Amino acid sequence: MRFWSASGSRGRLHFVYLDAAGNRIINTNHVFRPAGNLFPAGEIITHTVTLGANAGGLVDLQVTNANWQTAAQIRFALDTAVVQSEPFKLYEFRIEDVTEADAAARHAKLSADAATASATSATQAAASETAAGQSAGAAANAKIEAETARGQAQVASGQAAQSSTDAAGSASQAQSHAALAAIAKDDAGNSASAAAASSVTATTKATEAGQSASLASSHAGTAQTQAGIATSKAAEALTSASGAAGSAIEAKSFSQLAALALSGGSAKNPTFLDWSGVFPPHIGVVAGSSGTIGKAVGKYGYAFELVTTSVATVGPYVFHDKTTLNGVTNPQKLLITIEAEPLSGSLAGMVLQCGWHDAPTNSWGWAAVRIGPNLTVGGGIQTYQAVLERPAAWAAGKTIDDVSIRFMPSYTTAGATAAINRVKLHRFDAQVILADSYIDQQLKTKATLDGIAETSYVMRVKAGGASAGLEMVAASNPNGPASAIRMSADEILLDGTIKGPMMEIGAIGAREIAARSIVASALAIMDLTNLVPDDQLQDDVSWIKGIAFRLRPITARGDVKSVGDLYYTHADNVNANVQYAYSRNFFPVTPGDELFVSGQVIRAAGTMMNARIQLQFFDKSDTPIPSGDVANIVTINGTANTAAPYEGSTVVPAGALQARFRFAAIHAGTDSNIAFGAPTVRIKGTGKLLVDGSVHADKLIVGTVHGGLMAATGIITKVGQIDNAVIRRAHIGLGEIDELRIKGNAFFVPYRFTAANVQIPTANHIANQRLLLDRSITGLGDGGFLVTVNAYMATTTHYDCFGGLVLTTTIDGVITGTASGLQRFGIRTTGGDTGFRIPIAMSASAFGGATVRFQLYGYNGHWTGDFERINAETGQYVNPRSSNPFNIEGITLSVSASRR
């Protein structure tokens, strides 16, 4: 622990042991403090204590209650009663496991004790030798020689101890030296016995007594040397153990950070690291009542293996919630990513599910997608992504306090039917999608024993109405290999030279190009770009589908002209209604343009089908236009069946700025599965060709503009207006801009509002909040904005203080919610008055309207239980606390906005 005290007041640190639910195991706190209960004044102090069950070694605070070893958590606390009325700064708490280092220290102590015993034996031997010297003169001479030898041995002992500090070794060497010390002890004891015996025959054994004493001294020196080495090695072992513990902690942290960085998502543990217990940390597991779930070898170390054994009840599944997701509370959309390996059984019941929890009603709103048809049993590890959107009924008027996502191998929702299967889950992650912007990657590999191999990689980025993608597909079967690469973007920039033997489908060959000019008898001026996003049907996320539709990135039919297809399974249309599959992303359109539309609709079997090819038109707010939003391009109803594309055209209606492509399959009149493919939308050509060879006019001559407002040098010399110009490069020395737009986005000067300091009494509880600031902004239109609030909670006269700030945003008279604008804060003290000042920061974002109103409220958490632990079973607060009045000071509200 590191801290600073102005006057060196007493300081007490508490350790409280808790079980997994947060309940105290030991009724008394363990307190440690410095000698005299005083810390040095005005200094940053580092204070360390080692806790353990057994006294000795490194332990300086023995925990005698055996229940502490069952604790799952340790809470650290500073007793503020002893630092009241003075500045006190707390910098750091840190905990390390020093069990191995403690064991090494204890072993070194045993070695030192053994060396001390050897030295004692040597002293006793010297005493016996003295007695022998008194019996005869020869013995006296022997004593002198023995003393001389002992002195030399002690000098050698000091030199040996000094040399030992340079020796490298480990804890095992310390044990070896301790063993040598024990041997020396025995030798010294034997020599002492010999010296004592020599006193009986002093005259004849004097020489032997001297030799024994010298030998005893030598062994004593050896014992002292070995004890010194043992102590040194024990210290080295302690240092190494401490360093190893620190390195292990750092390695664990870096491993978790690397997993999060590579995943790109919000899950705290997407690849199930640190699986040392029954299940890994930061992941939810439900065993269900019809199967098993356990640990298996996986792509990232370990994986979940889920086995469903019955369709009568729900099988095992894995989930994330707000406790296992970083910063995810109430997202509008979530991009869920899994890496799954179906091993056996049926995938008819495999789904991804996402729920939003409404706190006042304690109810959930769920969205789900059936993913089983898009995965292959025995196809190896397959990556799948799906976007799940919060139900419309769960957007307004709800207080969302939790979100949960589930991977369920067997369930009955979104058209899925329960099934028996076995699957490995290698990764489970989620990414919040804001403003319909995200990065989507998919990788799928399949290999079968019959010689069929498929691999596809899809990467797509999206930001609002703009998107770009890269799709690579390779397949091999007994009929031969095939591959394709497709890039989609508004502009595809290639640096360098493009080389190739030929270009097909609308190619320009060498005979069409002569003398740097294009010679042709007819030249069509038109845009042949296919406007449909993902027209090769590779990206499952790019298509919104009914329960009877599924996307096959590699079509099973040879007559479909796109790489993949949208496959309608008639038996899955359990509601016997109209099923749609339409592009998730919009493409831009212009009112009055004529669009050429085509697509394939192929009946797989049966005798009849009833299907449609349609376009749906929207305004810039993604809302269907009021009249004529659906254009029915082609109707297929009857017994006809062909692989040839169906074609038609339509004119973009007034008010439409974007559109979606849509396939429809109608249950009535259909008795078979249907393959839909090759969706195409192109703008019909309206170009005009000048065949005169040159343009003659009084204003244009050989690329130079003469007359009017321009001088011969091409500089505008008079007042003029330029409408809708494209300027490639410009330098503006001084300019006045009425409205600034970049790429069609308008920017506004940031707003800043302040309010006076306000006291929040206990009467202004959460149900009677006090208005602190009320401001409105006009002119944002449909642009987005970010609002931030900064303030301080301050008091100098009270004890416990709890409260919160609530920021509400009202757009055109409609409150958009407060979940992202709620900030709780508080402090609890013990003893006398404690003055404090806590900074508060909060933010929220949304899309604007004609008028945007911001209202900031404050409330006192007196007896509301707002800051206490919630019982997981009852959902109620436990042990609510009292609060006192406090001040909200330095209130500032800032708004930054832009309009697309």
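Because the structure is a prediction, the values reported are computed rather than measured. All residue numbers in this chain count up from 1 along the given sequence.
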* Mind running ring-ring contact (aromatic ring centres under 6.0 Å, His included) on H282 and H320 for me, showing each step along the way? => CA-CA 8 Å; H282 306 303; H320 282 300; 9.7 Å; no

* Begin with the C-alpha distance, continue with both residues' side-chain angles, and end with the deciding distance and a verdict on side chain to side chain contact (heavy atoms under 4.5 Å, CB included) for D565 and V560. => CA-CA 7 Å; D565 64 17; V560 173; 4.2 Å; yes

Nearest 0.5 Å, what's the [atom1]-[atom2] distance between [X] and [Y]?
X	Y	atom1	atom2	answer
L273	I283	CG	CD1	11.0 Å
D429	I336	CG	CD1	10.0 Å
I613	S598	CD1	OG	7.0 Å
F272	K299	CZ	NZ	12.0 Å
R406	D321	CZ	CG	10.5 Å
L347	N374	CG	CG	10.0 Å

* Should N585 and S583 be marked as a side chain to side chain donor-acceptor pair (under 3.5 Å) after you check the CA-CA gap, both sets of side-chain angles, and the distance that decides it? -> CA-CA 5 Å; N585 300 326; S583 59; over 6 Å; no

Using a 4.5 Å cut-off on heavy atoms from C-beta on, say whether the side chain of [Y] contacts that of [X].
X	Y	result
V387	L334	no
M350	L375	yes
P331	W356	yes
D619	L657	no
I338	R427	no
V563	L537	no
N269	P281	yes
T623	F618	no

Would you say [X] has more than 12 foreign heavy atoms packed within less than 6.0 Å of its [atom1]?
X	atom1	value
I492	CD1	yes
Y302	OH	no
K561	NZ	no

* To do: Among Y568, Y580, F663, find the one that has a ring pair (Phe, Tyr, Trp, His ring centres under 6.0 Å) with F676.
  => F663

Classify the side-chain pair [X]/[Y] by whether it contains a donor and acceptor separated by less than 3.5 Å.
X	Y	answer
T308	S410	no
N577	Q579	yes
W394	D358	no
D534	S542	no
H357	D401	yes
D622	Q658	yes

Taking every non-hydrogen atom, the tightest pair across [X] and [Y]:
X	Y	result
A386	L352	CB-CD1, 4.2 Å
G564	Q538	N-NE2, 3.5 Å
T323	K268	O-NZ, 2.9 Å
V403	C354	CG2-SG, 3.9 Å
I293	P316	CB-CB, 3.9 Å
S404	F319	OG-CD1, 4.2 Å

When you measure from the side chain of [X] to the backbone of [Y], do you find a donor-acceptor pair of N or O atoms at a distance under 3.5 Å?
X	Y	result
T680	A678	yes
S562	Q536	no
Q382	E341	no
D539	W543	no
N573	A548	no
Q600	D559	yes
T670	N610	yes
N632	Q614	no
N673	H570	yes
S346	A348	yes

* To do: Report the C-alpha separation of K424 and F304 in whole Å, then their side-chain angles, then the decisive distance to 0.1 Å, and conclude whether the side chain to side chain contact (heavy atoms under 4.5 Å, CB included) test is met.
  => CA-CA 6 Å; K424 280 186 181 181; F304 279 103; over 6 Å; no

Ion pair check, [X] and [Y], cut-off under 4.0 Å:
X	Y	answer
D540	K545	yes
R422	E305	yes
R550	D572	no
R486	D535	yes

* Would you kindly check if the NZ (Lys) or CZ (Arg) of R660 is within the cone defined by 45 degrees around the ring axis of Y582 and under 6.0 Å from the six-membered ring centre? =>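 Because its charged atom misses either the 6.0 Å distance or the 45° angle limit, R660 does not stack over Y582.
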
* F407 and Y317 aromatic centres sub-6.0 Å -> no

* Evaluate the criterion side chain to side chain contact (heavy atoms under 4.5 Å, CB included) for residue pair R552 and R557; output intermediate values, then yes/no. => CA-CA 10 Å; R552 304 188 298 184; R557 299 186 61 90; 4.2 Å; yes

* Step-by-step side chain to side chain contact (heavy atoms under 4.5 Å, CB included) determination, L615 to V681 -> CA-CA 9 Å; L615 294 183; V681 177; 3.9 Å; yes

* To do: Please work out which of the three classes, parallel, tilted or perpendicular, describes the rings of W364 and W366, given edges at 30° and 60°.
  => parallel

* When you look at S310 and S290, which way does the side chain to side chain donor-acceptor pair (under 3.5 Å) test go after all the steps? -> CA-CA 5 Å; S310 172; S290 59; 5.0 Å; no

